[in-house]
Amino acid sequence: MNKPPPIARQHCRHYSYPLPITCDHPGPQCAVGLDISAPGAANPCMPNGTGCAKREDWTAAERVASDAWQKERTQRVFAAIADLPPLKVNQSQQVDCPNCEGKLSASRGKSRVWVSCSTQHCVDFSAQLAASVSVWPEVATDA
C-alpha cells in the first residue's frame, strides 16, 4: 500500500491536536513553534482564520489527494469487514486480507473491536460496540 498523503483539512497546515487527549495534554500544537495553547490563541489556525503571518493553507491538489486516499481507505475497511468471520466477545481471528496479500487480524472485546492488516497503510481501525452486540460483524439472516 502506498503511504497516505497528509490529511489536508481546512485548518492551517501547521495546526495539529495530538491524540489521545489526557489530563496532562498540551492542547493544540503549531508546527512552526507559535504558542497556541491559551484560550482563543488557535483561532487564526481554524478554517477561514486570519491574523497569523505564518499561516499556510493546503493546496487544492493536496486536498484532492487527501480526499481520494480517505475514500480508498474507507472502501478497504468495508471490504475487510465483509470478509471477517463473526466474532464473539474475547475472540480473535486471522484471515487473508481482501485488499492485498497481507493477513487481516481481528480481535473482539466486550465493547470494542480492533482490525488491522499486516500490510502497512492497508487497514487499521478500532470501533466501539454497544454492550448488547453479541456477534460482530453481524451476520445477515433471512427473515
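For this chain, numbers begin at 1 and follow the sequence in order. All values derive from a computational prediction rather than experimental measurement.
- The shortest side-chain heavy-atom distance between P6 and W58 falls under the 4.5 Å cut-off.
- With a 4.5 Å cut-off on side-chain heavy atoms, P137 and V113 do not count as touching.
- Pairs passing the ring-ring contact (aromatic ring centres under 6.0 Å, His included) check and including a residue from residues 1-23, sequence neighbours excluded, read H11-Y15, Y17-H25.
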Per-pair distances, 0.1 Å, donor-acceptor, side chain in residues 45-55, under 3.5 Å, sequence neighbours excluded:
unit_1	atom_1	unit_2	atom_2	d
R55	NE	D57	OD1	3.0
R55	NH1	P44	O	2.5
R55	NH1	C45	O	3.3
R55	NH1	M46	O	3.0
R55	NH2	Q10	O	3.4
R55	NH2	M46	O	3.4
R55	NH2	D57	OD1	2.8

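- Each salt bridge (charged side-chain N to carboxylate O under 4.0 Å, His left out) pair with one or both residues in residues 23-45, not counting sequence neighbours, would appear here, but there are none.
- Judged as a side chain to side chain contact (heavy atoms under 4.5 Å, CB included), and not counting sequence neighbours, the contacts of S16 are P18, Q29.
- Listed by first and then second residue, the salt bridge (charged side-chain N to carboxylate O under 4.0 Å, His left out) pairs that reach into residues 65-79 come to none, sequence neighbours excluded.
- Under the side-chain hydrogen bond (donor to acceptor under 3.5 Å, both in side chains) criterion, T59 pairs with E62, not counting sequence neighbours.
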Cut-off 3.5 Å, no hydrogens considered: what does the side-chain donor-acceptor table look like for residues 122-132, sequence neighbours left out?
unit_1	atom_1	unit_2	atom_2	d
S126	OG	R112	NH2	3.2
Q128	OE1	R112	NH1	2.6
Q128	NE2	S111	O	3.3

Could you go through residues 78-97 and list every donor-acceptor pair under 3.5 Å that involves a side-chain atom there, pairing it with any protein atom two or more places apart or in another chain?
unit_1	atom_1	unit_2	atom_2	d
Q91	OE1	K88	N	2.7
S92	OG	S107	OG	3.1
Q94	NE2	S105	OG	3.1
D96	OD1	K103	NZ	2.5

